[in-house]
Amino acid sequence: MESVEEEIPRIGVFVCHCGINIGGVVDVPGVVEYAKSLPNVVYAEDNLYTCSSDGISRIKESIAKYNLTRVIVASCTPRTHEPLFRAACEEAGLNRYLFEMANIRDQCSWPHMHEPEKATEKAKDLVKMAVAKASLLKPLDEPEIDVAASTLVIGGGISGMTAALCLANQGFKVYIVEKEPELGGTVKKLNKLYPTLVNANEGLSKIVEAVKAHRNIEVLTSSVAKQVMGFIGNFEAVVQIGNGQNENLAVGTIIVATGANVFQPVGMYGFGEYHNVVTQLQLETLIKDSKLEKTERVVMIQCVGSREEEGRTYCSRVCCMTALKNAILIKESHPETDVCILYRDLQTYGGHYEDYRRMAQDMGVKFIKYILEKPPTVAPLQDRSLCVSVYHALLGEQIDLKTDLLVLSTPLIQHEDAKDLSRMLKVPLGPDGFFFEAHVKLRPVDFATDGIYVCGTAHSPKDTAESISQAFGVASRAAIPMATKRLRTEAITAIVNEKLCSGCGTCVKICPYSAIVKNEKGVAKVTDVLCKGCGTCGASCPEKAIIMRHFADEQIIAQALAAIGRELA
Amino acid sequence: METEPRIVAFLCNWCSYAGADLAGTSRIRYPPNVRPIRVMCSGRVDPAFVIGAFEGGADGVLVSGCHPGDCHYVSGNLKAEKRMKNTARILKLLGLGSERLRLEWVSTSEGTKFAQVVTDFTEELRKMGPSLLKAESEVDAPPDALEVISKALKKTNVQYCLECGKCSGSCPISRVNDAYSPRRTVERFLLGFGGSMLSGADLWTCLTCYTCTERCPSDVRYPEFVRACRRVASEEVMEELCAHRGIPMTLSRIMTHPNIKQERMDWVPAEAEISQKGDLLYFVGCLPYFDVVFEDLTLDLLKIPQSVVRILNRARIKPVVMASEKCCGHDVLWTGDVKNFEKLAKINVGEIEETGASRVVTACPECYRTLKKDYPEVLGKIDFEVLHISELLSELIEKQELKYDAKLLMKIVYQDSCRLGRHMGVYQPPRKVIADIPGVELVEMGRNRENSVCCGVNAWLSCNKYSKAVQIDRLKEAKATGADLLVTACPKCQIHWKCVTSEKLPVNPEEVTMPMRDLSVLVAEAMHLT
Amino acid sequence: MQASLDLAARGFKVYLVEKSPSIGGRMVQLDKTFPTMDCSICIVAPKMIDCLRSPNIRLLTYSEVQEVSGTAGNFTVKILKKPRFVDEERCTGCGVCAQHCPVEVPNEFDMNLGVRKAIYIPLPQAVPLKYTIDMENCLQCGLCQRVCGAEAIDFDQQPETISLNVGAVIVATGFELFDPATRTEYGYGRFRNVLISLEFERMLSASGPIGGHIMRFSDGRIPRRIAFIQCVGSRSLKGGVSFCSSACCMYATKESILIREHEPECEVYIFYNDLKVFGKGFQDFVARAEDEWGVKYVRSLPGEVIEDHKTGDLTLWYEDTTENVTESLGADLVVLCPALIPRASNKELAGILGLELDEYGFFKSKDPQFAPVDTNVSGVLICGYCQGPKDIPESVAQASAAAARAAETLMMASEGAH
């Protein structure tokens, strides 16, 4: 393929009628004529439907016949049709990035259908802009990289193990790094799981067995990831095993499944001060070990340390159901015990959690709503029991409850060492402390950084069933690059002109994909495979040392000048 | 058992009581069967005292006051005369015999007269024999309140309450009385404060209109819960809150006595054809009694059963009408008197079965619900079908066994009563019956069918400024439709509305007064049967 | 779509069957999504295009599954491709036909608020961008045929039965809306200014029937007060379904913010029972709505809505449960948030696939705890709302989960084949 950069470009322009969508408003033949008058345009024609197989053939034929080195299609939106025309160019032997589109339908003939003359004028301008840019286009390559078919799962809890098993079953090699001496995470500490009330350890141990037995999974317990370098398909992780040696792992993808901690409400509602104030997790342990004493009344307070005005403003999702579950278990073993749940908004969402609430009501569990502005207060009584005084927001009355056991429902919070992991992997933590995904709605388990994924309570509070569901999801996402074993990376990327770079580091900080680093020479270097071509770095570089391929400064300026009727000098 | 008659005497302070004293000081002898009660004026004597005395087992009641014209309080004795006349009619209806009530004028100086009256009365009563209502000896132990409540919480779904407030947002009383909220009442019960609720007024405030039940997402049947709790709630509080001194319930209770033999057939028109055995039975309800008790409302309530019988005759049906029909027990049930309700249910069902009727029709929605729904619940299955008159009429008109031959050019608005509507789901038949009348245009209030608004009172309870506010609001709504006539299938609705519009209203009477008619009477009119 | 894209990116071949003429589902009917306030169609359209462009995905729109036999790794699926009466190969989506079609019918995509022609695309960004003739309303006048430059109209098109051999099946049929007309106390269907949320969403959408303005349909006036009523038909033991639809508190908050953005003078009230703020970013979203946008939350489910027939103005009667007072509130517009329920057609599909439905009509998970996307039939997976109430991020994650399980099934099958 000869270099087309040095030669004078030979531009072919194809103006589409799109039936009457364009042709009915814009004077298409007129635009064709105008196009012919533009610099570097050697050929122009109009088509009824350029995107039709007929039109595509015409493009390919014309490239060959007229030795076109740039192609412009003036038709609809590049968002839908650019790939189609690029493919056509490529098939005709022209680099796909030597193609440009002018949107003279969605952004011209349609909105201006009542002003055909002005629409035609605009269409001409749009073609002129396209020509200006096309003249400056350079061919680009999309490099392919190898992707290692192995995953590093950080966290050996239920989420990590589920994802690991799913990937291992599909033939991928999986390393699980778990900082505790045993697999199992938080679920190990649980008693029963709602809503099925299955024994937590029953289900968990089956999964642990399967993980240990799987030939594709290597488990490293009492181990911590110390350093991670590289990029998707080519990560290098340094894992410290026990207190001893380090092991180097080369993996293609990384899954963060580090779970969460339970907030300890020291100083709230007498926690830490009175012996009979516990968290739900502590209650869980008491029930599991059959150490729960018979009491006259148990009071549970929801939203302790969550849904606050500031700080932990989020709802921890699982506490209402946990409280219901434990209330039901208490009632099952001690029906005479009065159980009161002091709540703010009962989070009984989903298909079956409402049934659970009704089960609790059936058993006589009492519900008292309180509001943020008037939280309950706890005072000790002489006989070592407690008096919980709550303003029942719906009755408008203050109610005093004498109790021997006060259970505080506290939120799940991010691990202390998450910050280290976040820095290590260059993945962000959100405002609530949990890991922040690429897109809250449509990419919930991906990180913006390619090749790294997150699931389970590391992502946000959720219960066991939801964690498992998300873990399967993450397995699918991680499998994608690993399945094809090769990844075609973006051609539209940034490239640093090392001679101009002053090493200020602005671009390194600003890149949302962590795709720029300072290399050993102290100048910025773009990791092509991570770069998405957004252009933020290019716009921020004070030295104008960054060139944005396909959206270079001069290309864009040329378009702008063409738009206002002036030429590029 | 005594054979000597026991007489309760109400003597006015200024004349009759003094007269009785004079008989004593003059040593005039008279039988010792009389038990005097001093009242300031014979006008003080509430019919409820008299009926209550008979319910308690009195063989005779004497009411005595000043001679007409001499009343110390101007005209109290004249009021007593009128009241006692009506009370006597009720006693006659009950079959107790109006002769057991005597009204006499005895002045201060008439000691001899007093003695004579008592002597004569006692002799008569000896001849009449003891009252049929001798007090019963059995007294049941009251049920365990907490157990009743906890059972009711489960059975009526109260335990599933979401505390959403939809009930209180729908309740017509809540709307005018901020202190009343079904939701808050439920919450208190759920928190275990039910005990204190039993001695409060809340439980008696509920209209049991089912609006909340209709809309509650958790299917809480609050009126049924209230009804169950009323069984163990404070009777004193109820008595305080019950209008008309609870006379209707007293009458119902009296009817549970096995010896009762009512005389309640006077309303039957001369030409009407009824029978003692047959396939279709017309259950009349308490209209003969209400006709007396609410005489002042000039509702002409007896026109209802008369219309029904005439219409049925026109359709060539000879309905069974039982002379021994007892009160269906609706008010007794809804005020928590389960024991007497069960008695009435047993008696009525037994009597109906004896007539051989396979279908029972009634013109009262409360009787309808009670016979159709509550009787089977308490007795098991019943062997007859229960219809409301509108259902039967609708059927007969459909089959062309009844035809309208009059044209009534008017706009009619129909009130869905609670019992017929939300309780039993009968919305269409009355509408069909009305709309089919030639010339009639049926218009609807905005809040109709399942969204209809109660007439404001249930079982005579909590008739107060709140119920009146509800009634006025509803009547305004009816008037605002521009209808010429307000038709209802429930005699109670009519009674309550007529009552409120007869009072001094806080609104312009123009806004709320409109002609009212019972459905059956309307139909009879449209068939030239009145 | 997400499940298809995940599998296609792996190299598996996917047939994406959709019974309406375009893929996209519910997301394309929304204006914005909570809590990010992204333009819904803007973020989902690229996924739709990806499905179209992916060489491994074959779209079978306007098609329904008729019969399924076989086992995991080897299912035979018979699909009925309903006749569009438009040749998909030839149609370019130019729209000239619709311009000339004389028949106007209510547009179901716009919840019947706007109109479409008998030959139509459900939305301008439909994928595939191919027109469909609604033969029930078509006059067969032939105008479209005459003006179609691509000669794509084919009135003789027959339904086609396509037989596919696949290794796994993923069910993702989503939800439909509970009809709140049965809750007569709220007047939906009788009162002109009582709408359901999806109707309101279409009204708000820039591509909707009135281009994203807020107005009352009774008189065209801009409302000064709008009230949302939550839980209409949800959490109900009668007259609805007993589960919580899980997304309504949040989308009502979203719509409220949009109203306040569009019309700062318009007051917004949300009547709720328990505010479901359990998801990531939900509580902050509600705090923003309250503090920054002045949306008023009232803890109460209203007893009834009454209409003034002359003006169309509405009055809500409710007990403010935290103030303990029963009062009324006038509103110009009331939006009901109805229960989101599994589609009635799930029953038929369950029969075809041999799947079990739970008591609410959701497809049953093999194990709600440990195997959420598996079913009682090996090789058939479920995901999204049809498995249980959830929002968009959960649906997307679960779709990937179904893809993962499907991949496992397909790989085991091919291993078995060796």
Contact origin within A:K462 toward chain C - heavy atom pairs under 4.5 Å: neither
Flag, side chain of C:Q398 to backbone of A:G473, donor-acceptor distance under 3.5 Å: no
Straight-line distance of C:L5 CG to A:I480 CD1, nearest 0.5 Å: 8.0 Å
Residue among C:A399, C:G11, C:S242 with most heavy-atom pairs under 4.5 Å to chain A: C:S242
Which atom of A:T484 lies closest to which atom of C:A9, heavy atoms considered: CG2-O, 3.5 Å
When A:E354, A:K369, A:R344, A:R105 are compared by non-hydrogen pairs under 4.5 Å with chain C, the top option: A:E354
Engaged part of C:P368 at the chain A interface, taking heavy atoms whose separation is under 4.5 Å: both
Crowding at NZ, C:K238 (>12 non-hydrogen neighbours, <6.0 Å): yes
Minimum heavy-atom distance between C:Q369 and A:Y194, given as atom pair plus value: OE1-O, 3.3 Å
Side-chain touch A:T348/C:C244, heavy atoms, less than 4.5 angstrom: no
Interchain contact, C:E359 with chain A, by part (heavy-atom threshold 4.5 Å): side chain
Side chain / backbone / both / neither for A:L167 at chain C, heavy atoms under 4.5 Å: neither
Interface residue of largest heavy-atom contact number with chain A, from C:L410, C:V373, C:D38, under 4.5 Å: C:D38
Side chain / backbone / both / neither for A:V198 at chain C, heavy atoms under 4.5 Å: side chain
For C:F243 against A:G350, the heavy-atom pair lying closest together: CB-O, 3.6 Å
Pairing of C:K280 and A:E466 as salt bridge, 4.0 angstrom limit: no
Side chain / backbone / both / neither for C:K276 at chain A, heavy atoms under 4.5 Å: both
Side-chain heavy-atom pair A:H439, C:P393 within 4.5 angstrom cut-off: no
Contact winner vs chain C - A:R307, A:K206, A:E309, heavy-atom pairs under 4.5 Å: A:R307
Under 4.5 Å from a heavy atom of chain C, the part of A:I158 involved: side chain
Any C:Q283 side-chain heavy atom under 4.5 Å of A:E308 side chain: no
C:K366 NZ: over 12 foreign heavy atoms closer than 6.0 Å: no
A:Q347 CD to C:C249 SG distance, which is reported to the nearest 0.5 Å: 8.0 Å
Proximity breakdown for C:T322 and chain A, heavy-atom pairs closer than 4.5 Å: both
Side chains of A:L442 and C:M27 in contact at under 4.5 Å (non-hydrogen atoms): yes
A:C166 SG to C:E408 CD distance, which is reported to the nearest 0.5 Å: 4.0 Å
Heavy-atom pair with the smallest gap, counting every atom of A:Y349 and C:S246: CB-OG, 3.5 Å
Donor-acceptor pair, side chain of C:D284 and main chain of A:Y314, under 3.5 angstrom: no
Most contacts with chain C, counted as non-hydrogen pairs under 4.5 angstrom, among A:D432, A:I22, A:V318, A:L395: A:L395
C:Q125 portion near chain A, given a 4.5 angstrom heavy-atom threshold: neither
Spatial distance of atom CE (C:M412) from atom CG (A:N169) [nearest 0.5 Å]: 7.0 Å
Region of A:D355 that comes under 4.5 Å of a non-hydrogen atom in chain C: side chain
Part of C:R299 lying under 4.5 Å from any heavy atom of chain A: side chain
Atom pair CD/CD of A:Q470 and C:E394 - distance to nearest 0.5 Å: 8.5 Å
Top contributor to chain C interface from A:G351, A:G171, A:A483, A:C319 [non-hydrogen pairs under 4.5 Å]: A:G351
Residue among C:I49, C:L237, C:L275, C:V396 with most heavy-atom pairs under 4.5 Å to chain A: C:L275
Heavy-atom pairs under 4.5 Å with chain C, option from A:G396, A:P83, A:A475, A:C18 with the top count: A:P83
Heavy-atom check, side chain of A:L193 versus side chain of C:F370, under 4.5 Å: yes
Side chain, backbone, both or neither of A:P481 within contact of chain C (heavy atoms, under 4.5 Å): neither
A:Y353, part contacting chain C, at a heavy-atom distance under 4.5 Å: neither
Whether over 12 other heavy atoms sit under 6.0 Å from A:F436 CZ: no
Side chain / backbone / both / neither for C:D358 at chain A, heavy atoms under 4.5 Å: side chain
Within 45° cone of C:F34 ring axis and under 6.0 Å: A:K441 NZ or CZ: yes
Heavy-atom pair of closest approach, residues A:Y49 and C:T92: CE2-OG1, 3.2 Å
Interchain contact, C:R53 with chain A, by part (heavy-atom threshold 4.5 Å): side chain
Contact winner vs chain C - A:A478, A:A393, A:S306, heavy-atom pairs under 4.5 Å: A:A393
Closest non-hydrogen atom pair between C:A407 and A:Q170, with its separation: CB-OE1, 3.4 Å
Chain A contact via C:Q387 - side chain, backbone, both or neither, heavy atoms under 4.5 Å: neither
Pair A:R477 + C:D6, salt bridge at N-O below 4.0 Å: yes
Chain A contacts, top residue of C:A247, C:G388, C:P372 (heavy-atom pairs, under 4.5 Å): C:P372
